[in-house]
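Read through the structure below, which is laid out as structure tokens, and then see the notes.
A, B, ... follow the sequence lines: proteins, then strands. Residue 1 opens every chain.
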Amino acid sequence: MSPADSRAPGAALDIRSITKRYGDTPAVDAVSLDIRAGEFVTLLGASGSGKTTLLRIIAGFADADEGSLLVDGQELRSVPVHRRDIGMVFQNYALFPHLNVEQNVAYPLRMRGMRGPERRRRVAEALEAVHLPTFGRRRITELSGGQQQRVALARAIVSRPRLLLMDEPLGALDRNLRDALQLEISRLSRELGLTVVNVTHDQEEALTMSDRIALLDRGRLVQFATPDDLYHRPVDDTAAAFVGESNLFRGSVRDDGTLDGADGVVFSPPSLVDGSAVGSGRVAVMVRPSLVRITAVGSAPEAHSRVDGHVSGIVYAGDSRKIIVTTASGTELIAREDAARPLDVSVEQPVTLHWDARSSIVTRLAAGSAGATAPAPETRRTVRA
Amino acid sequence: MGRVLSIQGGGRRWWISVGLLGLLFVLLALVVPLVVVVQRSLDAGFGNFADALASASFLRSLGNTATLAVSVTVWSALIGYPYAYAMARSGRVLSRVLMTALMLSFWTSLLVRSYAWQVILNDTGLVNELLLGVGIIDEPLQLIRTPLATLIGMTHILVPFTVLAVYAQLRGISPDLAIAARGLGATRTRAFWTVTFPLSLPGLAAGSLLVFVLTLGYYVTPQLLGGAGNAVIGQSIVEQTNVLLNTGVGSAMAVLLLLIVVLILGVAARFLGLGRVLGIATERSAR
């Protein structure tokens, strides 16, 4: 995550208060992002969050209703798509089936009027960069999914664009291939100093590849931060629930700083919640499942926050396992532990979940979030496809 | 590939027998007359063929037919391609309107359509009445009984084949490809010419081949709209058989026409793939 140096060939992209409405509902609602030259930024969000619309606006396939897009200080909105000097990786790649690999990669150069040995050299370089140097003469239909993805990437970077846009570039690939390509794409974009705007709904992909992540929800920007900040310092419960797995307790802060409506949770110290710090009486307390310990009832350390319940499920997920605990009021909470540790609880067993005071992260409630109307604690889990 | 289940046992036998019935029908309607024609063409050895090829009017009609077929094919492509493109890429309403108009025309008897053009192009027809009425011309233009009339009528009758073939091909090309081309630096126009058009060529080739081959065998429309001096092969054959009662030479001409068509289809099959030409192939957008 090295900060981009000033000589990066990528451009700085200043998105100012971009709004796009379809009918009355804003698909993108006054989103502002200040993307530095050479930075890898991911627009993360569920479907309908406006991430793809924003990308289409940057690419020029759609125009915003309001706001401006400044590339190195110049307004981009009035520039037609083909003169925006962008490279783009499309969902499902959109490789041209009537052209071979070489001709596909050469396409952006051809459109820019480049020909002859210079064009051949640049195409060879781009294919080299994606580790397909000998694939030039292959037909697109002869390539595997991963190879097609690489060709699409080579085609996007061959013209050395000021801006590389990627629309769910890894969505169609299986998991192992995705992991390998994630690392490769971030390596390549850093080596070339490209400014990248990537769109995904996969939080893991966002966390792995990005310098900064813009989390979008229903057209609004929730948080624009580094993966580390987004994970450890979510601005509100939406961010906390979307990025990583979390146990969330929503409630109101009393005058003495204790939390009301926290579903039997005993916080330690009780006044851990400081209402003034989060600006409103209603907050969410987030605890990551990997920081939650599980123990026999009554044997939690005094200094820890804790809640009682019974084990309602044990799920193995690769190197870790999830212990699902249901509290007296029926809320499901998760503790995640190393799968290599011996399992010392069983289903239906009464247990106490506990965690260090520093593991409780207090955030505000997002306007219109589910928690703002229903104060009951709630656990959200990310489901992996 | 693509075969999910094969029909087995009694069901299969049933289908085969039904299929055989169909085959019998096709044979009766096609092969029997064909055999008769070939037989008659040979009733004087190859003399009938020599007579046919020595006939100046037959050779002229061959030339007329070739010219007509090329013109109809070209005009069908020029008119049909944009039509198909609009149908494949426009919104639902316009797409439906275009498709309905095309189908109405396509399903109307060619006899009716030929007569309709006669009514329009007559000396006292719609066009002439209009031009006379407005005062652009003083006496009726010779529109009917000209090669132009035949060209217009034939193009109108055959253009749906081009439209449908191109439309089917365009529908198989993802619109995302042209959008991608624009994202990679192409203008809309260049995106069309470098991506969409080359990918649609197999459809255009198939449609054009159909139009070309079908034009070769048309008789009614040229007879109703064309002039006496511009006879096509079909008219030559009818003249030999019905007027000169020279069935042997007429049959020889018919066999020659058939050989020409088979030759064209054979060559086309080699370069385009016969399956694609006949619309059987389902492979998308490959070369």
| note | Greatest number of non-hydrogen atom pairs under 4.5 angstrom with chain B, of A:G87, A:G60, A:A94, A:A156, falls to A:A94
| Does a side-chain heavy-atom distance below 4.5 Å link A:P97 with B:L177? | yes
| field | Atom group of A:R155 that falls short of 4.5 Å from chain B, counting heavy atoms | value | both
| query | Is the number of heavy atoms from other residues, nucleotides or ligands under 6.0 Å of A:R77 CZ greater than 12? | reply | yes
| said: Can you tell me which portion of A:I140 sits under 4.5 Å from chain B's heavy atoms? Options are side chain, backbone, both or neither. | reply: neither
| said: Could you measure the distance from the OG1 atom of B:T196 to the CZ atom of A:F96? Nearest 0.5 Å is fine. | reply: 9.0 Å
| message | Report which part of A:R110 has an atom under 4.5 Å of a heavy atom belonging to chain B: side chain, backbone, both, or neither. | response | both
| message | Within a 6.0 Å radius of atom CZ on A:R187, are there more than 12 heavy atoms belonging to other residues, nucleotides or ligands? | response | yes
| query | What closest approach, in Å, do B:R190 and A:Y107 show between heavy atoms, and which atom pair accounts for it? | reply | O-OH, 4.2 Å
| query | Tell me, side chain or backbone of B:L201 under 4.5 Å from chain A's heavy atoms, or both, or neither? | reply | neither
| When you look at CZ of A:R121, are more than 12 heavy atoms from neighbouring residues, nucleotides or ligands closer to it than 6.0 Å? | yes
| query | Is A:E142 atom CD crowded by more than 12 heavy atoms from other residues, nucleotides or ligands, each under 6.0 Å away? | reply | yes
| task | State which residue, out of B:L184, B:T187, B:T194, fulfils the side chain to side chain contact (heavy atoms under 4.5 Å, CB included) condition with A:M111. | result | B:T194
| query | Any side-chain heavy atom of A:F90 sitting closer than 4.5 Å to one from B:D176? | reply | no
